[in-house]
Asker: 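I have a structure here, written as structure tokens, and I will follow up with some questions on it.
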Amino acid sequence: MGRKLSKPLLAAGLTVALAVMVGCGFSDTAGGGKGQTLNWYVFNEPGGANEQAIEVCNEQSDGRYNIAYRRLPTDANQQRELIVRRLAAEDSTVDLVGMDVIWTAEFAEAGWILPWEGDLEKQATDGKLEGPRKTVEYQDKVWGIPFTTNSQLLFYRKDQVDKPPKDFTWDEMIDDAASKGKGVEVQAAQYEGFTVWINALIAGAGGQVVDEDGNVKVDETAARAGEIVAKLATGKAAPAGMANNKEDQARIGFESGRSAYQVNYSFIYPSAAENVGKDFQRKIGWARYPRTDPDKPSRPPLGGINIGVGAYTQHKDLAFEAAQCLAQPKNQAVASELGGLPPTTESAYDSPKVGKALPFADLLRVSIEEGAPRPVNPAYSDISLAIQKTFHPPDSVKPDEVRSKLEDRMEKAAEGKIF
Amino acid sequence: MEAAAGKASPAEAPKKGRLSERAQAERKLAYMLCAPAILAMLVVTGYPIGYAVYLSLQKFDLRFPDDKEFVGLSNYTDVLTSSTWWSDVGTTALITVASVSIELVLGMAIALVMHRAIFGRGPVRAAILIPYGIVTVVAAFAWRYAFDPTSGFLQGTFLLGDDAAPLTERGGSLVVIVLTEVWKTTPFMALLLLAGLSLVPDELHEAAKVDGASTVQRFLKITLPLMKPAILVALLFRTLDAFRVFDSAFILTGGANGSETVSILGYNILINRVNLGLGSAVSVLIFIAVILIATFFVKALGTSTAQQRGEV
């Protein structure tokens, strides 16, 4: 009898065990085990800054909540794919979301995150730099609290560039690199980082692709951006494999001596000491992001992470409280120290930790304040894809065709059509 | 296919129309034994396909849930009138035809080697099958790194000049994608062909030899015709697979430089733009294309097996 039943019993037992494992997958991995568990979905920061912030807050909460670190990939597109699926399925385990600055409009419009109203709005935006503050605003409401921010600088090798470039234009930089037989490293693979570059070029010429009301408005500055892209890609300063290069390939090209210049995020500075050595790190010079137009100040790219509260959470009040705790200046300073991510709060720049980790913190702060956000639009990912498809591959860009092509794709994107 | 199998069964033929009690009971048992499988298939394939068709008739974007409405076939007209879809179909067809034909030739050669191998048959077969055992994504990464202009080990070899970056232009991208596909799935092709090869009776070869047929003649007149069903099955499997190529192309180029395949287009719309209506229309169209390919091969296969039995 016992033997006959054993197989179905085993099967039933396995099914139950599986169900239990799936059902309780979350509760048994949640840290200390006291208080309400809040899940924070955020990219896996390799320096350990997120872990420290969580530790600080779990202690400060005095046992009322317990934040669990739900790691998302480091690639922005992959993060979004994962979190969008959970939010669209109204997953109630999403209490806190680490949102890339470009997601605000999309998530707010779809009703996936909760607005910060009244006193909360003040808490989220008080004392924040203007650039990051704008990234949490959509339709006169605030949708998150700025945590970290980021901008790009122009880095150059002092051993290859004797005259420090000040207020360089892209044209001057490309010509200078070409005359030295060196390259200019950019992010030109077909991905979000490419949109970052194109958007900065367009904004630097005083233009935009979407106006304040969220309507498609491509102007002649798109052609100007196309000129720079084509000039670099078809000229001597084009680095090998440019059309496939992301941040890391740019870093390697710069470190290897292939290129004299690179536009990149500040992470390359600590990474230079780590991968090549302190001597090499001392050879790195920095300047503000290059100008598109000689008469207009450049508009450096603006990135970063905001913390939002998921719309389907069952612990709204605790989540808002935890988000504020995570984004406090003390944690921001830790994020600069461990992850090289600049703070969003003005006062955090006074912390000696920030100055030590990022010797160019002041320049970075100006870049962030005067930076150009990417289009604020609920269909941002469509717009980004349209920009990428129009300007890629960079060596085939025809400046006089760019504007009409971009306009056509953007309109199709806005109508939800194929492009 | 089912009808052909029924006709072929000699045990059934004489008692057509009336089945013995035992046969009836057996048939009932067969249905009951098949039922769970059919049910499972309906749940895991029938439902998703039906749901995709339903979604493809809606205007439905996850980001704008309030705008959801029934729009009939307008998603389909949108896709079918766009130049993006047709250029992607062209790219996909190019990759499919190139990779499948190279695989067929190489696969046949490898199958002949495996068939004739006298010593070390086991190790030879195992070695040939290794690429097929490697996860496609991993293989694609290996190929991408190999061709990387900064750190690729093919740099400066006779294959590539210095600073060559084949993955940054269309021709090079397509060549590398095809190469990856060929490297990865030739063993599968070879395995299917080997099965067909072992069906060719040795006596025929011996008889032809006695009649003075050369090796080439024997291959063309005996081996190939007898293997036709096996070749068609192998081509069918590989063409269906190749038309849906996603992973290798996605890892190698992400669809950049005019190497976007229909599956990557579908991915971009469904997963990135979360436009479920339009994306489902693309998926359904890919599904229809796959059915057309399958029908074509099954028809060809049907005639060839019928010919072999001398029914036509």
Side-chain angles (χ1 to χ4, degrees), chain A residues 77-78 80-82 84-85 87-90 105-112 183 188-192 194 233 238-246 248-253 255-256 258 377-386 388-389 392-396 409 412-413 415-419, chain B residues 59-67 71 74-86 88 144 147-152 155 161-170 172-173 252-260 265-279 281-282:
Chain A
N77 278 346
Q78 290 174 8
R80 182 176 156 274
E81 279 166 19
L82 290 171
V84 158
R85 250 137 204 82
L87 291 169
E90 311 195 356
E106 176 183 10
F107 285 21
E109 183 74 35
W112 291 335
Q190 189 178 313
Y191 80 124
E192 185 56 35
F194 189 52
M242 176 175 159
N244 251 352
N245 286 359
K246 300 186 178 181
D248 226 38
Q249 284 89 341
R251 172 184 69 79
I252 295 168
E255 286 173 358
S256 71
R258 174 175 79 187
N377 193 292
Y380 175 77
S381 49
D382 298 42
I383 291 171
S384 177
L385 200 63
Q388 290 167 31
K389 282 195 163 185
H392 207 273
D395 58 358
S396 67
R409 287 211 173 93
K412 283 183 176 149
E415 291 164 23
K417 293 199 163 173
I418 199 167
F419 58 82
Chain B
K59 178 182 176 172
F60 184 24
D61 190 317
L62 278 184
R63 293 165 299 187
F64 311 104
D66 300 340
D67 297 349
V71 290
S74 92
N75 284 329
Y76 290 95
T77 50
D78 185 21
V79 175
L80 291 174
T81 53
S82 82
S83 59
T84 313
W85 163 257
W86 291 110
D88 287 2
R144 194 178 93 185
F147 283 101
D148 188 272
T150 328
S151 52
Q155 282 307 314
D162 281 327
D163 282 350
L167 289 175
T168 59
E169 30 107 15
R170 182 162 201 256
S173 300
L252 286 166
T253 65
N257 325 316
S259 65
E260 190 174 85
L265 178 71
Y267 160 85
N268 271 336
I269 300 175
L270 270 178
I271 312 285
N272 190 351
R273 298 174 63 189
V274 288
N275 191 333
L276 299 189
L278 193 62
V282 170

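Numbered from 1 within each chain, the chains take letters A, B, ... in sequence-line order.
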Asker: So which heavy atom on A:Ile418 is nearest to which on B:Arg273, and how close?
Answerer: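 Scanning both residues, the minimum pair turns out to be CA-NH1, 4.1 Å.
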Asker: Search all heavy atoms of A:Gly416 against all heavy atoms of B:Asp78 and return the closest pair with its distance.
Answerer: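 Scanning both residues completely, I find the closest heavy atoms to be O-OD2, 4.4 Å.
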Asker: Please say whether more than 12 non-hydrogen atoms of neighbouring residues, nucleotides or ligands are located less than 6.0 Å from NZ in A:Lys417.
Answerer: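 For A:Lys417, atom NZ is not crowded (no more than 12 foreign heavy atoms under 6.0 Å).
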Asker: Considering all heavy atoms of both residues, which atom of B:Arg63 and which atom of A:Glu106 are nearest to each other, and what is their separation?
Answerer: CD-OE2, 3.0 Å
Asker: Where is the tightest heavy-atom contact between B:Thr168 and A:Asn244, given as atom of each residue plus distance?
Answerer: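 It is CG2-N, 3.8 Å.
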Asker: Measuring heavy-atom distances to chain A, does B:Glu260 have an atom under 4.5 Å in its side chain, in its backbone, in both, or in neither?
Answerer: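 For B:Glu260, the side chain is the part near chain A, not the backbone.
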Asker: Side chain, backbone, both or neither: which part of B:Tyr267 has a non-hydrogen atom closer than 4.5 Å to chain A?
Answerer: side chain
Asker: Can you tell me which of B:Leu278, B:Asn275, B:Asn272 forms the most heavy-atom pairs within a distance under 4.5 Å of chain A?
Answerer: B:Asn272
Asker: Looking at every heavy atom in both A:Ala110 and B:Pro65, which two are closest together, and how far apart are they?
Answerer: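 Minimum heavy-atom separation between A:Ala110 and B:Pro65: O-CG, 4.3 Å.
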Asker: Given the options B:Ile271, B:Thr84, B:Val79, which has more heavy-atom pairs under 4.5 Å with chain A than any of the others?
Answerer: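 Heavy-atom pair counts peak at B:Ile271.
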Asker: Could you pull out the closest heavy-atom pair between A:Pro378 and B:Phe64, with the gap in Å?
Answerer: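 Smallest heavy-atom distance, with atoms named: CB-CE2, 3.7 Å.
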Asker: With chain A, which of B:Thr253, B:Ile269, B:Asn268 has the greatest number of heavy-atom pairs at distances under 4.5 Å?
Answerer: B:Asn268
Asker: Where on B:Leu276 is there a heavy atom nearer than 4.5 Å to chain A: the side chain, the backbone, both, or neither?
Answerer: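 It is neither, since no heavy atom gets under 4.5 Å.
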